[in-house]
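Worksheet: one structure, shown below.
First the proteins, then the strands, lettered A, B, ... as listed; each starts at 1. Keep in mind the model is a prediction, meaning the values are calculated, not measured.
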Amino acid sequence: MPKRIVTTSENVSHKKQKTFHWSSGLVQAVQNPELLVLSDDLVYVIKDKYPKSQCHFLIICKKDIGSLSDVKIEDIDLLKHMNEMAEKMKKSNDEYRSFNVGYHAEPSMSRLHLHVISDDMDSSHLKTKKHWNSFTTEFFISSEVVIENLIKNKKVILPSKEECRKFLELPLKCHKCDFKPKNMPDLKKHIVNHC
DNA sequence: GTTCTAGAAC
DNA sequence: GTTCTAGAAC
């Protein structure tokens, strides 16, 4: 995929060009009408560009918060609002039986974002063990748990870098039963045919 | 976050 | 020989 080049104001200078880094992709994505679902004073809701289930939204705050590690106690109402928006998205997409709502412990992309993901985990974009484990292990922290964590600790206490790495490297396991696939293709066949 | 691909695993 | 994973990307 070619890097997206954008020019500065009015394109006056040919020298002043900037290439966005991939980690700011979400802040770009909210400007994409094909991805943006809705927004209000506090958040954007977008369709994940590479959904890891049949239905996968991101609730992205408008406030410039990088990630959970930057969240302050004063942001508690914002996190509650993001959770309420997630509930709204669940209700308006209830043809998908159930959803998981939570944050990645160590996200790759900045701007705090809450995942609302149907629990089928059936998607052509779900390709790697890291993808799988990021939604099916403790690397994925439920929205309610994050809110309780913030209230109790006045900040969000997260797993260490080493713990995160450990979660992502856990052996593959079906999220609905005890099946232990030998590899990703094995797992993907299992979740569509058996679970 | 994804893409690409070398070399491991089969 | 083909499938699959895991690390680099300036």
So what does [X] hit on the nucleic acid, given a heavy-atom distance under 4.0 Å: a base, only sugar-phosphate, or nothing?
X	result
A:P185	sugar-phosphate
A:K182	nothing
A:H113	nothing

Report yes or no: does A:H81 contribute a side-chain atom to a donor-acceptor pair with the main-chain N or O of A:D77 at less than 3.5 Å? no
Got a donor-acceptor contact below 3.5 angstrom from the A:K188 side chain to the A:S123 backbone? yes
For A:S69, what residues pass the side-chain hydrogen bond (donor to acceptor under 3.5 Å, both in side chains) criterion, not counting sequence neighbours? A:S67
Taking only residues two or more places apart in sequence, or in another chain, which ones meet A:K173 in a side-chain hydrogen bond (donor to acceptor under 3.5 Å, both in side chains)? none
Please state whether the phosphate of [N], meaning OP1 or OP2, lies under 4.0 angstrom from any side-chain nitrogen or oxygen of [X].
X	N	answer
A:H125	B:dG1	no
A:K127	B:dT3	yes
A:H104	B:dG1	yes

How long is the line joining [atom1] of [X] and [atom2] of [N], in whole Å?
X	N	atom1	atom2	answer
A:D186	C:dT3	CG	C1'	13 Å
A:L172	C:dT5	CG	P	7 Å
A:R165	C:dG7	CZ	P	11 Å
A:L187	C:dT3	CG	P	19 Å
A:L126	C:dT5	CG	P	12 Å
A:K49	B:dG1	NZ	P	14 Å
A:K52	B:dG1	NZ	P	7 Å
A:L26	B:dT2	CG	P	11 Å

ILVMFWY clustering at 4.5 Å (side-chain atoms), partners of A:F139: A:F167, A:L168, A:L170
Do any pairs count as a salt bridge (charged side-chain N to carboxylate O under 4.0 Å, His left out) and have a residue in residues 31-44 of chain A, sequence neighbours left out, and if so which ones? none
Tell me the salt bridge (charged side-chain N to carboxylate O under 4.0 Å, His left out) pairs involving residues 98-118 of chain A, sequence neighbours left out? A:D64-A:R111
Which nucleotides of DNA chain B pair, in dot-bracket form (Watson-Crick or G-U under 3.5 Å, | meaning another strand): .|||||||||
